[in-house]
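For reference, the structure is listed below as structure tokens.
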Amino acid sequence: MKIFLDTANLDEIKKANATGLLDGVTTNPTLISREKLCFTDQVREISQVTNGPVCLEVISSKAEDIIPEAETLVKLIGKALIKIPAGEEGLKAVTALTAKNIPTVVTLCFSPLQALLAAKAGATYIAPFIGRLDDIGVDSTKIVEQMIQVLHNYNFSTKIIVASVRSPLQVLKMALLGADIVTLPYKVFSMLNTHPLTDIGLEKFISDWEKFNKATNTTTNKNIKE
Ligand code: G3P
């Protein structure tokens, strides 16, 4: 499973990247606006920090405007994946951008049928927003399972970037389904590798070692004689 960070915050991207586990970054207009920085500088810096792709979302709503906007974003950073909202105008633009070999992510995707149409239009990725589905009482696991089935049935190469993730349990459910990518807020990313039993176990190892040091006058296990 690839892990992207769902943020435009440089510090968070740097911290996640330092783990060696980060495969890319997704942004959206809300996340970009939260940083209150110059868009082009911000995006260039993000692309320098991460080795993987950076998803940038278009603001235009008509296909005729989305297409040149996507081309501008790709010029800004070569490794941009262009996020385009699902819907008629969005899919028209995806068809045109696919013909130009510009990679796309169909975002705000909430149903398996939207996923089917996005894949037919040639979307490189589709992004189901699972947290927002769960918020309104729809079982997002079922929806993503059906999306995976539909893509598999027709042998589409379109991959899934699961977005709007709120908890480690959702990440587990998506991993069990075999979702290609999850994009996570930094908070959820950092929660994946924490467990109270790890903390308790580590504390015990350290305190036992310190007691042993005191008793034997050994200062560290680094001065083991070869
Ligand atoms: O990538 C989409 C994601 O940022 C939306 O998340 O938490 O606003 O539903 P949320």
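What you are looking at is a predicted structure, and each value in this text was computed from that prediction instead of being measured. Residue numbers run from 1 in the order of the sequence given. All values below were derived from every heavy atom in this structure, side-chain atoms included, with hydrogens, water molecules and symmetry-related copies excluded. In listed order, ligands and their atoms are each counted from 1.
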Inset, instruction - Look at ligand 1 and say whether Lys83 reaches it with a heavy atom at a distance under 4.0 Å. - result: yes

Legend entry - Nearest-contact summary for atom 3 (C) of ligand 1 - protein heavy atom, Å: Asp6 OD2, 3.0 Å

Inset, instruction - Would you mind telling me if ligand 1 is within reach of the side chain of Ala163, the backbone, both or neither, using heavy atoms under 4.0 Å? - result: side chain

Inset, instruction - Below 4.0 angstrom from a heavy atom of Arg166, which ligand 1 atoms are there? Numbered from 1 as shown, please. - result: 7 (O), 9 (O), 10 (P)

Inset, instruction - Look at Lys15 together with Glu12 and state whether they make a salt bridge at an N to O cut-off of under 4.0 Å. - result: no

Legend entry - atom 6 (O) of ligand 1: nearest protein contact (heavy atom, Å): Ser164 CA, 3.4 Å

Legend entry - Atoms of ligand 1, numbered as shown, that sit under 4.0 Å from any heavy atom of Phe129: 2 (C), 5 (C)

Legend entry - atom 8 (O) of ligand 1: the protein heavy-atom neighbour that sits closest, reported with distance to 0.1 Å: Arg132 NH2, 2.8 Å

Inset, instruction - Decide, yes or no, whether a salt bridge links Lys92 with Glu64 under the criterion of side-chain N to carboxylate O below 4.0 Å. - result: no

Inset, instruction - Decide whether Glu69 and Ser60 meet the rule of one side-chain donor and one side-chain acceptor closer than 3.5 Å. - result: yes

Legend entry - Location of contacts on Thr30 toward ligand 1, heavy atoms closer than 4.0 Å: neither

Legend entry - Residues Arg166, Asp135: salt bridge by 4.0 Å N-O rule: yes

Inset, instruction - Indicate whether the side chain of Asp134 and that of Ser140 have a donor and an acceptor atom separated by less than 3.5 Å. - result: yes

Legend entry - Salt-bridge present (Lys204, Asp208; N to O < 4.0 Å): yes

